[in-house]
Structures are given as C-alpha cells and as structure tokens.
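In what follows, a single structure is set out as structure tokens and then discussed.
Worth saying up front: this structure is predicted, and the values here are computed from it rather than measured. Just so it is clear, the values below take in all heavy atoms, side chains as well, and ignore hydrogens, waters and symmetry mates.
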Amino acid sequence: MYSDDFGQAELDALESARKHVENMLKRPDQLEKVEQYRRREARKKASVEARLKTAMQSQLDGVKTGLMQLRSAHEGIKEIRQSTVEVNEKYQECAELAMKLTSVREVANEHSQLAAAVENLKHIFTVPETIERTERQIEDGQLLLAHKGLMDLEQSRNDLLFELHKQPSENPTDIHLLERYFSKVEQLSGNMYQQIKYLMQNVFMVVRNEPTKVVTCLRIIEREEKLDNECQNKERMVKFHAPGRPKRWKEKMFHELEKCVTYRIEGNQLEDRSQDRMWLVRHLELTRQIILEDLRVVKHLCSPCFPPSYKIFEYFVKTYKDSLSIHLQNMICDELEHNEIISLLTWLTEYIGPNLMAHHELNIDVKLLEPLLPPREVETLQQQYLKTLHANIQKWINNTLDTDIKEWYREVPPEADKESYLHTSLPVIVFQMIEQNMQVAAQISKDLTTKVLLLCVEVLQEFIEFYRSSIRTYKDKHMQDRSQPRHYFQYMVAVINGFQQFEDFTRQLERRHLNQPPGEGSTTVFQSLMDAFDCLAGECLGFLLDEVFLDLEPHNYQLLTRSWYQINGSPSVDTICVTVEDYYNDFVHLRKRYFVSIMKEAEKRVSLAYITALIEKRMIFKTYEERKTASEKICKESEQISNLFRRLGDEGSSPIDAVSVMVELIRLRDTSLLSLEISGLVSKYPDVRTDHVINLLAMREDLGTSNARQMVIDTLEEDDRQRFGQQQRTIFSEIRTK
C-alpha cells in the first residue's frame, strides 16, 4: 500500500518537474541558459535537502527525549508500587498492635484527665478568691487585670469540661457540678462587657480625657475575638462547645457605636414646629456642628486608639450618613412645610460642602460619598417645593398687582425717574420676589435652580394674561367715563414703561442663572416671554392712541368735505395738529423705544385718516377752479402734518407723502395725461387698489365713475400681474373704502 503511494508520488513529482522544465524552455533563446537553470535548481535542491535534514534531526531529538522520559516514568512507577506494598504490610502489623494497646489507651486517658485536674488544681481551689478579686478590679476600672483573671477562670473551666467531653458519660452530674462551681464566671463576663459598653457609648468624651481606657477596651475586645475564633475552630474539630462562646464583643461594640451615633443625631432636637417655626433650621445646624466635631474627634483622637483594620473613621462616616438618612426620611414622612423643605434641601447641599463633609480637616473625598437621601426622595421634595412655590409666587404677584391697580385710580399722578420716565413699582417688586426665590434655589442645587427658573417663567406667562385683562378692564372703565380715572393717560404711560423693565429683568434673570454670555441670544422660552411683554406693550400703546383719536375723530370726519372746502384756512387740521402736540407732552414720558413707536403709529394713523378721507370721495368738484383750490389746500395741509411730526422728532419719509402724488390726479387739467400719473402712483405704491384710484378720479367734474373705472382698468391692465406679485406694503394696504 505504502509502496504504491510512494510510486504515485514519484510519478507526480516527475510530471511536475517536466512541466517546470517546459515552462523554463518555451523559447529557443532560453536554451543558452540551461546551464544557469541547472545550477539554480541545484542550489534550490541543496537548500531543500538541508532543511529536510534539519527537520528530521529535530524530530529525532524530540522522539529520543520522549523515550527517555517514558523510561524514567516507568522506573518511578515500579518504585511506587514497591513502596505501596511495604506500607500495606506495615499497616497490617500496626492494626494488630492497636488491638493489643487498647488497655494502655484507657489508662492514658485516665491519666490525661488526672493531669488536667492537677494542672488546674491551683485554679480550682482559688476560684472563689479569683472571682472576688476580679469583681473588685472591674469595679475599680482595672479592666486589663480583671480580664486576665476572667481568662484564667474560663480557661480552667473549659479545660475540665473538655476532658469530660472526651469521656462522654450518660450521667451528667460531673458537668452540672462544674457548671455550678463556675457559675459566677458568666456573671463576671457580663459585668466586664457592661463596663466596655459604657465606655463605648461615651467614646467621644472618654477618648478626649482618658484615651488609655479606650485602648484597654479594644485590647480586651481583640483578645475575646481571638478566643472566639479558637473556640469555633476547636468546635469544628472535636465538637466541643465552650460555654458563652462566641461572645462577639467586637460586633456588639460596633452596634453600641451605631446606637451612640443615632442618639447624637436624634437627641439634639430640642423643639418642634409647635414651639418654634425655625425648629428645623436649629436642629439641622446643631446636627451639622455635632457631626463635624465628632468626626474631627474620630479623625484625630480615635483613629490612633483603634486598630487600623477597624477603619474607624470610614466606619463613623458611613454610620453617621446612614443614621442621618434614616432620621431625615422619618422627618419627611411627617410632612414638612414649605420653609422646612427649603431648609432641608439647602442643608443637603451644605452636607457635602466645606462646612461639613468637605471640611479640610476631615480630608474626605465627597465624590465617593453615597447620597444622603435617595434621588427619588429628593425629587419628591423638590416637586413639593416647586408646587408650593408656584402657588406662593402666584399669590404674591396677584397681591402686588392688586396693590398696583389700586394706585391707577389715585388722584395723584405716578412718579417719574430722573430721566422723567413715569413708572410704577410693580416690575421691581415682582422681580425682587423672583430673585429672592432664585437665590434660595441657587443655594440648594443647579438642577433645582433651573427648575425654579422655568417655574418663574411659567408664572410670568400666566401673570401677563392676568395683567392684560386688568389693563383692558381699566381701559374699558375709562371709556365709560373719560374723565375717570383722573390720571388714566399718565398711568397707562407708566404701565407701558414697566414692560421695558420687565424685559430687562427677564434678560438679567436668564443670564444670571443660566450663565449665559452677554452677547448670546436668548433661549426660546425667555424670548417667548419677552415677546409676550413686548406684545402687551404694543397693545397698551394702541390704547393710548385710541384715546388720542377719540378726540380727533370728529375732525377727521370734516376733512375733504364740502364744508371743509368752503371754510377759509384749515381748522380741522389745525385742531388735529394741536391735539397731537398736546398728547406729545405726555408721550415724552415714555421710554425711547415706546416713544418712537407710538409717534410713528400716530403719524401713520393721522396720515391714514387724511388719505382715507381723500379716497372716500366725500365731495365731487364742480369746476376745475374748485379742483385747483382744493388741491392746493390738500398739499398745504399734508405739508402741515408732515412738518408737525418732523418737528416732534420723526425722521425719514412720512406716510402723508402719498398725498402729494395722489393730489396730482385731482389737480391735473389734461385728462390725457392721467394715465401717466396713475402709472406713477401705482409704481410708487404697488399696494394701491383699483377702487382707490377710481374713487380719487371720480371726484373730478370732468370724469364720471364709469369713465374713471374704464381709464383705470385700461391703464393698469398691463401692470396687474406685476403689482399683485409684489410684497411691498404701504399705507394703502390698510385703507378700506366704503
């Protein structure tokens, strides 16, 4: 089989070699390199053979080493087998010897018990004396000496009981006898523990005055822990249980320290809510002082006394945290009031601050401390605080607003600041209340600060709606009797100026408590609030203008009528200008932004009234002379209105300028040129409507309404699509013809 495989391999190799030679000698010129190819292949062959020899040598060395190890293992197995046989033979001999020595074992056990009795004979006879001496030493505070006597007594008792345990008997008389004889040992042990317990309960006081007593207690506890471990090991090995073990004094000591901490926290609550509303503030401050002082004592005085393995400082830090957490949760279950929740939330922040856990003497990494209260509990407290705060702020603001509203009806005008701007105290009082609550929240946590800030924004949004309703009511009452309230206009000016303060305070609130850079824009929530204030300010400015135009309304109706034409001069426009200028003296008490806004709006409304009168076709001219005279009067009055507002501080173009273009459609004598004037009007004021131009042309005596309509349609037909697509809005967009 193997010879067939080798033969096939040889054939495959020859075939491969043939193909290789064939590939090398494909071209005639390659025959010249045959010798070169032969030498190269010879080198390759020599290299391959050398590698094969090396590999074979390595394999042979490995096989040789393995065989040597197998031989050594075989010899070892033979030796072990021989040793096992010898051990088995000797064991058989020993088994027979053990049977022969049974009586010797019994005698040895008897002598062992006698030896134990002899060894403890001295202690047995002196037990009453030792007990009495140990009692005195415990009473005198000589705890180390007392513990030495206690250990000797327990050792004697346990040795004798152990000897009885090794020879179990159905008659327990001996055991009962020993237990009665040593019965006071357990009492001594209890008295000793009571002394240690008392010292541990007062460890903070004892360690200041007599630290050696603390060290003594700890040495005794360590001895007892060692004896507990020895007795437990012995019990596992020989099933002997020493009476009173394990004592677990170390575990009990830590339990007493925990009770001491709990008492230190709960015991400083000297009063409750019924006695003083500030009870919780005092209690938390006393707790902070006590915890800080106790931890400083532990750090500097207790740590050197306690073994390092106790990690006593870390233990007290955790114990105080756990006890304090339970105490605070119990108080929370009793339903804290609003000011008490604030005190508690503030104290939670102070707990991890430099006045307590982060104090430089304690050197505690507060980042590793567990939260004093569960996050869910803190969140519940915060929600209760926010709910009450929302109601309180609403109440405070509403009360402040009610007080401010009462001032609107006073017989004296509002006060003015040094720049002569009228104002009320409402914005300052509202934001002082908000700022006070923000400062309280900032002392608690950044998270709560943000929540309170958003809550204040929500309350202010609600306040704006209530404020708007109050202002409208104030305005409606005034409209029923314009003589009342006496200083309606001045108080409306003061209210409007207050919106500037509201916006400024809102912006300051955002930057101060959200740490926003001065140049950065406001967030959506705050921008929405400021926009709401600005919108209400605009509405109030409209109320002021409504007041002005109630006085101007009769005079506006007289414009461009037959009686207007017949009267020499311009009494209506004169009255309008005088009235506007009179109200201007009140407008100057508005802050600049509102003053500019209301003056522009006043100019717009006056212009709108005049242009509307011009378009409403209130009179139709009979002759060209009438048209010419009226046109000149119209130009003069529009110029008078423009000059008025320019004198009152307006700059730039005025809506009344449209009159000078419109009047040309009336004044022009040659009707053939009207199309050109119409196109000029439309190009300058794209939002002028067809009916506006028709009514304007219909005032002429030489054009009827139908002819005017046809002329306008013919002129504007080509420009309609362009005009309607334009977005520019002028004063004509607000004109509604009858």
Side-chain angles (χ1 to χ4, degrees), residues 130-158 182 184-233 242-267 290-291 293-323 362:
T130 304
I131 290 175
E132 184 179 349
R133 184 177 66 252
T134 304
E135 285 179 339
R136 287 198 306 270
Q137 290 170 343
I138 292 174
E139 292 174 358
D140 295 340
Q142 299 175 349
L143 297 183
L144 278 178
L145 292 174
H147 189 253
K148 177 66 171 61
L150 177 63
M151 289 174 63
D152 291 341
L153 290 170
E154 289 181 342
Q155 184 66 38
S156 299
R157 180 196 61 186
N158 293 344
F182 286 94
K184 287 192 176 182
V185 174
E186 289 298 320
Q187 184 179 348
L188 283 177
S189 178
N191 294 340
M192 173 73 71
Y193 175 70
Q194 289 301 320
Q195 288 291 325
I196 295 174
K197 176 181 176 181
Y198 173 78
L199 291 172
M200 288 297 107
Q201 288 175 342
N202 299 276
V203 66
F204 297 114
M205 180 179 63
V206 175
V207 79
R208 285 186 176 96
N209 304 319
E210 298 179 277
T212 53
K213 287 189 175 182
V214 177
V215 175
T216 297
C217 291
L218 293 170
R219 290 178 63 184
I220 293 172
I221 289 172
E222 283 295 294
R223 288 178 185 176
E224 291 295 337
E225 282 295 300
K226 184 178 180 181
L227 291 173
D228 280 349
N229 293 332
E230 290 175 356
C231 289
Q232 287 176 341
N233 292 334
R245 295 288 177 181
K247 294 183 180 180
R248 297 190 177 93
W249 281 8
K250 181 178 179 181
E251 179 182 332
K252 292 178 180 178
M253 177 203 69
F254 280 118
H255 180 65
E256 291 303 323
L257 292 178
E258 183 178 342
K259 288 168 62 178
C260 173
V261 167
T262 302
Y263 175 76
R264 297 278 289 172
I265 292 174
E266 296 178 353
I290 290 171
I291 293 175
E293 183 60 26
D294 288 353
L295 290 180
R296 290 169 67 185
V297 170
V298 174
K299 181 80 172 179
H300 300 297
L301 299 179
C302 290
S303 293
C305 298
F306 282 74
S309 60
Y310 282 32
K311 296 182 178 180
I312 194 63
F313 182 69
E314 290 78 2
Y315 169 80
F316 269 104
V317 170
K318 184 178 185 305
T319 303
Y320 264 112
K321 178 263 169 186
D322 293 341
S323 299
L362 301 182

Original post:
Hey, are the side chains of Val297 and Arg208 touching, using non-hydrogen atoms and a 4.5 Å cut-off?
Top reply: yes

Original post:
Within 45° of the six-membered ring axis of Tyr193 and under 6.0 Å from that ring's centre, is NZ or CZ of Lys247 located there?
Top reply: no

Subject >> Closest non-hydrogen atom pair between Cys217 and Leu143, with its separation >> reply: SG-CD1, 4.2 Å

Original post:
Should Phe306 and Val298 count as side-chain neighbours, where that means a heavy-atom distance under 4.5 Å?
Top reply: no

**OP:** Report, as yes or no, whether the 6.0 Å neighbourhood of atom CD on Glu230 holds more than 12 heavy atoms from other residues, nucleotides or ligands.
**Re:** yes

Subject >> Heavy-atom pair with the smallest gap, counting every atom of Asp228 and Pro246 >> reply: OD1-CA, 3.3 Å

**OP:** Establish, from distance only, whether the side-chain atoms of Glu258 and Tyr263 form a donor-acceptor pair under 3.5 Å.
**Re:** no

**OP:** Please tell me if the side chains of Phe313 and Lys318 come closer than 4.5 Å, counting only heavy atoms from C-beta onward.
**Re:** no

Original post:
Who pairs with Glu132 by salt bridge (Lys or Arg N to Asp or Glu O under 4.0 Å), at least two apart in sequence or on another chain?
Top reply: Arg136

Subject >> Spacing of Cys260 atom SG and Asp294 atom CG [to the nearest 0.5 Å] >> reply: 7.5 Å

**OP:** Ignoring hydrogens and angles, tell me if any N or O in the side chain of Thr216 forms a donor-acceptor pair with the backbone of Thr212 under 3.5 Å.
**Re:** yes

**OP:** Using a strict 4.0 Å threshold on nitrogen-to-oxygen distance, state whether Glu210 and Lys213 make a salt bridge.
**Re:** yes

Original post:
Which distance, rounded to the nearest 0.5 Å, do you find between the NE2 of His255 and the NZ of Lys197?
Top reply: 8.0 Å

Original post:
Are the aromatic rings of Phe316 and Phe204 close, with centres under 6.0 Å apart?
Top reply: yes

**OP:** Could you go through the side chain to side chain contact (heavy atoms under 4.5 Å, CB included) check for Cys305 and Leu301 one step at a time?
**Re:** CA-CA 7 Å; Cys305 298; Leu301 299 179; over 6 Å; no

Original post:
Where do Glu225 and Arg248 come nearest, in terms of heavy atoms and distance?
Top reply: OE2-CA, 4.0 Å

**OP:** Could I get the full list of side chain to side chain donor-acceptor pair (under 3.5 Å) partners for Asn233, not counting sequence neighbours?
**Re:** Arg236

**OP:** Look up atom CD in Gln142 and atom NZ in Lys148, then write down how far apart they are to the nearest 0.5 Å.
**Re:** 14.5 Å

Original post:
Can you tell if the side chain of Gln195 reaches within under 4.5 Å of the side chain of Met200, non-hydrogen atoms only?
Top reply: no

Original post:
Would Glu222 and Tyr310 satisfy side chain to side chain contact (heavy atoms under 4.5 Å, CB included), going step by step from the backbone distance to the final call?
Top reply: CA-CA 11 Å; Glu222 283 295 294; Tyr310 282 32; 2.4 Å; yes

Subject >> Derivation of the side chain to side chain contact (heavy atoms under 4.5 Å, CB included) call for Ile196 and Ile220 >> reply: CA-CA 9 Å; Ile196 295 174; Ile220 293 172; 3.8 Å; yes

Subject >> Minimum side-chain heavy-atom gap Lys250-Phe254 below 4.5 Å >> reply: yes

**OP:** Looking only at non-hydrogen atoms, find the nearest pair between Arg264 and Ile290 and report the distance.
**Re:** NH2-CG2, 3.6 Å

Subject >> Check against side chain to side chain contact (heavy atoms under 4.5 Å, CB included), Leu199 and Val214 >> reply: CA-CA 7 Å; Leu199 291 172; Val214 177; over 6 Å; no

**OP:** Would you tell me whether Gln137 and His147 have side-chain atoms, one donor and one acceptor, within less than 3.5 Å of each other?
**Re:** no

Original post:
Can you find a pair of side-chain heavy atoms, one from Leu227 and one from Met151, that are under 4.5 Å apart?
Top reply: yes

Original post:
What's the spacing between Glu186 CD and Leu153 CG if we round to 0.5 Å?
Top reply: 11.0 Å

Subject >> Heavy-atom side-chain proximity of Tyr315 to Leu257 below 4.5 angstrom >> reply: yes

Original post:
Just wondering, do Glu154 and Ser189 contact through their side chains at under 4.5 Å, heavy atoms?
Top reply: yes

Original post:
Can you tell which of Lys252, Arg245, Arg219 makes a side chain to side chain donor-acceptor pair (under 3.5 Å) with Glu224?
Top reply: Arg245

Subject >> Straight-line distance of Glu251 CD to Ile221 CD1, nearest 0.5 Å >> reply: 12.0 Å

